[in-house]
Amino acid sequence: MTDSPQPHRRSFPRWTWIALGVIATYVLVAYGCMGAFNRREARQAHYLQDQPHLTHTSSGLPGDPLNIALVGSESEVAGAMQAAGWRAAAALGVRSDVRIAVDTVLDKPDPTAPVSDLYLFGRKEDLAFEKPVGHSPRERHHVRFWRSEKMVDGRPMWMGAATHDVGVELSSNTAQITHRISPDLDAERALLLADLTKANRVSDTRWIDGFHKELQGRNGGGDPWQTDGRLPIVSLPKASSSDPAPQGNSVAK
């Protein structure tokens with residue numbers, strides 16, 4: 001009596017297993033070991049506690065510097081940004097994360113692509129907006145806002161960090177995939193101010209000289225930045241009951 005033939009087991013080429021091993025090692029190192037190392041380094045960087053003009057990453061590394069402040073209600077901020085041509089960024093999530101990855105690879109537009117979370121006042125950004133450049137989320141203007149406890153003429157002040165994404169790279173600090181920012185923070189500050197002014201959404205601007213004591217540095221992704229150290233405080237016109245409701249939602253609460 002002959003044995004029945006055994007079912008053929010499909011085997012993968014050796015290079016497939018090698019590639020999977022390399023990918024698994026990268027994910028472990030970039031998002032596991034390096035994250036733990038950077039959290040330890042950040043705990044030693046006590047100077048961050050004395051730098052409220054800097055945001056920070058979830059692991060405590062220095063983030064993007066603050067370079068603009070808006071005065072107004074949340075709806076006034078959202079309405080002003082919409083009028084200036086900036087769109088509310090989508091919240092982080094599996095669907096939005098996959099979409100920005102696909103659109104970046106395929107060079108497709110994504111005008112509401114999500115932004116990574118940065119932290120100030122013990123929480124991530126309350127609002128985030130962006131202005132696309134070209135046809136890919138690889139490059140864009142974007143700004144994050146945090147509502148502060150400071151009130152100006154009975155309205156809250158929103159501290160903002162505006163930067164210009166100019167490409168995608170591997171972070172020199174974490175080895176994670178991230179956007180690379182332009183080092184010229186003042187140019188991005190000027191762009192946002194100009195857009196708000198053109199949209200007639202600026203009622204007054206006051207400048208704080210010497211807001212930044214350090215005029216250059218690197219963010220959590222390892223990208224260099226520079227500034228003249230000045231911070232504009234922009235008062236938005238008060239919304240009237242006849243103004244249309246702004247489109248878009250808060251990113252975080």
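Please read all numbers here as calculations on a predicted model, not as lab measurements.
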| request: Flag the pair Glu188 / Ser182 as yes when at least one side-chain heavy-atom distance between them is below 4.5 Å, and no otherwise. | output: no

| Just wondering, do Arg123 and Arg147 contact through their side chains at under 4.5 Å, heavy atoms? | yes

| said: If I compare all heavy atoms of Ala69 with all of Met159, which pair ends up nearest, and what's the gap? | reply: CB-SD, 4.0 Å

| request: Evaluate the criterion side-chain contact (heavy atoms from CB on, under 4.5 Å) for residue pair Asp165 and Glu130; output intermediate values, then yes/no. | output: CA-CA 10 Å; Asp165 285 340; Glu130 62 190 277; over 6 Å; no

| Heavy-atom check, side chain of Phe211 versus side chain of Asn67, under 4.5 Å | no

| task | Working to the nearest 0.5 Å, report the span between OH of Tyr119 and OG1 of Thr55. | result | 11.0 Å

| Nearest heavy-atom neighbours spanning Ser203 and Pro237 | OG-N, 4.0 Å

| said: Starting from Ile208, can I reach Val71 by hopping between I/L/V/M/F/W/Y residues whose side chains sit under 4.5 Å apart? | reply: yes

| So how far is it from Glu74 CD to Phe145 CZ, rounded to the nearest 0.5 Å? | 12.0 Å

| message | Between Pro62 and His56, is there a side-chain heavy-atom distance shorter than 4.5 Å? | response | no

| field | Contact summary for Ala128 and Glu125, nearest pair of heavy atoms | value | CB-CG, 4.5 Å

| field | Distance-minimising heavy-atom pair for Gly72 and Val77 | value | O-CG2, 4.2 Å

| Between CD on residue Gln82 and CZ on residue Phe129, distance to nearest 0.5 Å | 9.0 Å

| field | Gap separating the NE2 atom of His164 from the CD1 atom of Ile181, nearest 0.5 angstrom | value | 10.5 Å

| Result of checking His141, Met81, His142 against Leu192 for side chain to side chain contact (heavy atoms under 4.5 Å, CB included) | Met81

| Closest contact, heavy atoms only, Pro224 versus Arg218 | CD-NH1, 3.5 Å

| note | Across all chains, not counting sequence neighbours, the side chain to side chain donor-acceptor pair (under 3.5 Å) partners of Asp153 are none

| task | Determine whether Ser235 and Arg206 make a side-chain contact, defined as any pair of heavy atoms from C-beta on separated by less than 4.5 Å. | result | yes

| field | Of Leu118, Asp126, Leu66, Leu120, the residue whose pairing with Arg144 passes side chain to side chain contact (heavy atoms under 4.5 Å, CB included) | value | Leu118

| said: If I take atom CG from residue Leu191 and atom CG from residue Leu196, how far apart are they, to the nearest 0.5 angstrom? | reply: 9.5 Å

| Considering only heavy atoms from C-beta outward, does the side chain of Lys238 approach that of Arg155 to under 4.5 Å? | yes

| Geometric class of the His212/His53 ring pair [parallel <30°, tilted 30-60°, perpendicular >60°] | perpendicular

| query | With no hydrogens and no angle check, is any side-chain donor or acceptor of Asp186 less than 3.5 Å from a backbone partner on Asp228? | reply | yes

| message | Membership question, hydrophobic clusters at under 4.5 Å side-chain separation (ILVMFWY): are Met151 and Ile68 in the same one? | response | no

| field | Side-chain touch Ile233/Thr205, heavy atoms, less than 4.5 angstrom | value | no

| said: As a test of understanding, state which of Val234, Val152, Val202, Leu127 forms a side chain to side chain contact (heavy atoms under 4.5 Å, CB included) with Leu70. | reply: Val234

| said: In the structure I gave you, are the side-chain heavy atoms of Pro65 and Leu185 within less than 4.5 Å of one another anywhere? | reply: yes

